[in-house]
Peer 1: 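One structure is given below, represented as structure tokens, and several questions about it will come after.
Numbered from 1 within each chain, the chains take letters A, B, ... in sequence-line order.
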Amino acid sequence: MIEVENLSKTFKVYHHRKGFFGSFVNLFSRKHRIVEAVDNVSFSIKRGEVVGYLGPNGAGKSTTLKMLTGILVPTSGSVRVNGYIPHRQRKENAKHIGVVFGQRSHLWFDLPVQESFELLQRIYRIPQVQYNQNVEMFDGLLNIGEFFRTPVRQLSLGQRMRADIAAALLHDPEVLFLDEPTIGLDVVAKARIRQFIQQINTERQVTVVLTTHDLDDVEKLCKRVILIDKARLCFDGELAALRRLLSTERILSVDYAETYSDISIPNAHVTYREGNRVQYQFSPEEISTADLIGAILQRFKIVDISVQDPDIEELIKTVYEDNRALEQKLTETTAIDLTNRDT
Amino acid sequence: MRPLSLTFNVYFAFVRKSFQRRMQYRVANLAGLTTNFFFLLVHIFVYTAFYAASTEPQPLSLNEIVTYFVLCQVSFMLMPFWGARSEVTQAIKDGSVALQLTKPVDFHAYWFSDECGRACYFLLMRGCPTFLISILFFEVTIPQQFTVFMAFAVSMVLAIFMSAAITITIFSSAFWTLDTSGVSGMSGSVIMLFSGMLVPIALWPEWLAHIAEWLPFAGLIDVPFSIYLGKITGVAIWMAIGKQLMWYLIFIGLGRFFLHRGFSRLVIQGG
């Protein structure tokens with residue numbers, strides 16, 4: 001469905017000289033440096049997948065998305081979406097994809113939502129039956145009806161986003177690109193949009209590529225994640241695998257019934273203590289969760305106990321902070337795999 | 001290839017929606033109408049004073065001058081004096097215009113339709129009221145021959161098409177300059193002068209009128225209104241309309257070329 005091979009994009013960034021005199025010099029000679037926005041990225045996405053394309057600001061997420069949607073021409077490498085080369089076959093590609101950029105509306109600002117939809121119906125030549133069915137379905141799922149006659153400029157952010165996502169799906173695209181679809185939305189609106197994306201994906205087999213900074217989005221929607229950092233791909237695989245790979249450390253929180261002076265447990269160290277609440281950090285390789293709880297129950301009276309998986313936010317932060325550690329871990333695991341295979 | 005009728009259908013929808021969008025700003029329109037009359041009065045007073053002070057025969061009678069300026073105000077908003085409209089230049093400036101590339105439409109045709117919708121709106125909501133009110137207060141000549149009226153209608157439509165094509169050519173400069181206020185301001189004043197909006201070309205010194213003849217802009221104002229006033233007749237009408245058509249096609253070509261170059265620049269260099 002989507003094939004990306006050795007994709008790179010470089011930009012020229014002009015260097016502006018400082019000061020009054022410098023601004024005159026700028027008129028005649030401009031220095032520039034080359035910035036790599038996307039560097040040799042390859043991946044392939046199959047029909048019906050929901051993929052989270054993640055990375056910190058400026059990592060190259062949007063640049064990649066723009067190359068997939070035909071807005072930017074790659075410097076090198078190849079892109080294919082539905083078999084089309086987006087920047088060469090822009091109009092053909094456009095008929096088969098839906099695009100939502102969370103920061104910007106694709107609807108006509110001063111027209112009611114319905115009028116925008118009707119324009120889109122004409123643009124994509126959507127047959128009336130299909131159009132009616134889709135509008136009805138999106139109304140059911142996203143409650144578009146309640147603001148169908150309202151001009152887009154008067155919509156709340158949540159309503160606008162619902163309208164925008166529905167608009168991107170009116171022509172039954174095979175692939176949906178979402179760039180930060182839940183940015184700035186409240187919890188309820190986010191949940192609604194996530195549910196909708198999920199439903200569209202399962203019912204219609206729409207392939208979804210999603211960039212976001214909201215890791216709840218990722219957790220709720222994406223089985224697979226692709227991480228990029230500083231223009232390079234640094235992880236591509238299942239979210240669960242990423243978690244396993246990195247989540248060696250876990251956290252156990254305990255509320256003790258009494259105040260104990262010595263609360264140390266072998267193989268677990270206290271990271272937080274306030275009153276009777278204590279948090280232990282431990283590594284499942286050294287002590288299993290069950291053993292740790294057992295050891296605690298043996299010695300102390302407790303009120304409450306809970307184990308936390310590390311936040312995926314934390315995980316991703318570690319990836320960004322220490323790319324090398326991840327690479328090392330990846331090679332280690334493959335090494336272990338190999339040794340296992342030998343025996 | 002999709003059938004031509006369907007393609008037309010899409011862009012006709014753009015024209016309609018463009019019209020509809022503007023229908024929402026009725027108060028602004030009323031304020032604009034007042035401005036039209038303000039300028040109309042200024043023009044009429046100035047020319048009445050000039051004509052009173054001169055005994056020499058003039059190429060246009062005072063009545064014809066008044067009619068000319070009424071027509072100028074009727075079509076004022078349809079003309080490319082405004083340069084680039086902010087919504088489009090803003091989108092080009094911040095690169096978000098690229099998002100439109102995700103839709104399967106031809107941009108030049110899209111913006112052209114939008115401009116036509118805008119022209120229809122201002123013709124109906126500004127032009128017509130201006131004309132009707134003017135008839136009540138001033139002596140406005142109305143062509144007596146049907147053929148003259150038809151020729152004027154054709155020439156006026158071409159003037160509107162030219163205006164749309166010129167506007168797109170102007171705002172596509174935003175791809176390079178980022179700030180179009182300079183280009184808009186400059187082109188606006190040049191076009192206003194050479195279209196005959198300020199002084200009918202019939203009153204110009206000969207050498208300047210020659211320059212105007214070689215420029216496209218007379219086709220916006222002076223040509224259709226001279227036809228209306230019966231100052232251009234017979235074969236000359238065909239010549240004048242042919243020239244408008246030629247300039248219209250040239251600006252369509254230029255606009256398409258600039259937009260194409262602008263977008264390729266955008267997609268290669270990024271926003």
Side-chain angles (χ1 to χ4, degrees), chain A residues 9-14 32 35 37-38 62-63 65-75 86-101 103-106 108-112 114-116 118-125 151-154 164 167-168 171 173 177 179, chain B residues 1-26 28 85-88 90-92 94-111 113-114 117-118 121 178 259-260 262-271:
Chain A
K9 177 78 195 173
T10 54
F11 292 114
K12 271 185 192 172
V13 174
Y14 287 98
H32 66 261
V35 174
V38 173
S62 289
T63 307
L65 225 54
K66 281 178 181 168
M67 287 192 277
L68 291 173
T69 50
I71 296 176
L72 279 177
V73 179
T75 309
H87 57 277
R88 287 218 195 109
Q89 295 154 294
R90 177 181 75 82
K91 283 200 212 169
E92 276 311 309
N93 184 46
K95 285 178 198 164
H96 299 275
I97 60 170
V99 186
V100 177
F101 285 86
Q103 314 260 36
R104 261 192 182 270
S105 181
H106 286 237
W108 283 263
F109 183 68
D110 33 21
L111 283 181
Q114 186 178 15
E115 309 278 351
S116 274
E118 282 169 12
L119 267 182
L120 290 170
Q121 185 193 357
R122 288 244 162 64
I123 291 176
Y124 291 102
R125 291 214 283 154
V152 173
R153 67 185 137 88
Q154 290 171 10
D164 248 313
H171 57 292
F177 294 100
D179 192 19
Chain B
M1 280 310 287
R2 54 164 64 178
L4 199 67
S5 61
L6 276 168
T7 308
F8 185 72
N9 196 6
V10 175
Y11 295 105
F12 189 63
F14 286 144
V15 176
R16 276 211 323 266
K17 300 285 148 139
S18 164
F19 182 92
Q20 237 173 314
R21 271 166 51 201
R22 293 184 168 85
M23 279 299 272
Q24 300 193 22
Y25 304 103
R26 269 160 292 192
R85 275 175 297 119
S86 60
E87 76 225 45
V88 183
Q90 188 54 42
I92 294 176
D94 63 23
S96 63
V97 72
L99 297 192
Q100 300 199 13
L101 288 170
T102 61
K103 294 212 177 73
V105 287
D106 179 281
F107 290 104
H108 192 277
Y110 168 64
W111 274 318
S113 318
D114 196 73
R118 177 174 172 273
Y121 171 79
L178 290 184
L259 270 190
H260 180 76
F263 272 116
S264 359
R265 206 177 120 100
L266 193 70
V267 297
I268 288 163
Q269 298 188 349

Peer 1: Indicate the atoms forming the closest heavy-atom contact of A/Arg122 with B/Ala13, along with that distance.
Peer 2: NH1-CB, 3.6 Å
Peer 1: Name the member of B/Lys17, B/Gln20, B/Met23 that forms the most heavy-atom pairs with chain A at distances under 4.5 Å.
Peer 2: B/Lys17
Peer 1: Sort A/Leu111 into side chain, backbone, both or neither according to what part of it lies under 4.5 angstrom from a heavy atom of chain B.
Peer 2: both
Peer 1: Which bit of B/Tyr25 comes within less than 4.5 Å of chain A, counting heavy atoms only: side chain, backbone, both or neither?
Peer 2: side chain
Peer 1: Heavy-atom count check: over 12 atoms from other residues, nucleotides or ligands less than 6.0 Å from A/Arg153 CZ?
Peer 2: yes
Peer 1: For the pair A/Tyr124 and B/Lys103, evaluate side chain to side chain contact (heavy atoms under 4.5 Å, CB included) and give the outcome as yes or no after the intermediate values.
Peer 2: CA-CA 8 Å; A/Tyr124 291 102; B/Lys103 294 212 177 73; 3.9 Å; yes
Peer 1: Can you list everything that forms a side chain to side chain donor-acceptor pair (under 3.5 Å) with B/Ser18? Sequence neighbours excluded, please.
Peer 2: B/Arg22
Peer 1: Going by the rule side chain to side chain donor-acceptor pair (under 3.5 Å), which residues pair with B/Tyr110 if we only count those two or more places apart in sequence or in a different chain?
Peer 2: A/Trp108
Peer 1: Quick one: which of A/Glu118, A/His87, A/Arg90 has the most heavy-atom pairs under 4.5 Å with chain B, could you say?
Peer 2: A/Arg90
Peer 1: Let me know if A/Glu92 has heavy atoms under 4.5 Å from chain B in its side chain, its backbone, both or neither.
Peer 2: neither
Peer 1: Closest heavy-atom contact between A/Ala94 and B/Pro104?
Peer 2: CB-N, 3.7 Å
Peer 1: Between A/Thr63, A/Val99, A/Asn93, which residue shows the highest count of heavy-atom pairs closer than 4.5 Å to chain B?
Peer 2: A/Val99
Peer 1: Could you look at A/Pro74 and say if it's the side chain, the backbone, both or neither that has a heavy atom under 4.5 Å from chain B?
Peer 2: neither
Peer 1: Identify which of A/Gln121, A/Met67, A/Arg104, A/His171 forms the greatest number of heavy-atom pairs closer than 4.5 Å to chain B.
Peer 2: A/Arg104
Peer 1: Return the OG1 to CZ distance between B/Thr102 and A/Phe177, rounded to the nearest 0.5 Å.
Peer 2: 10.5 Å
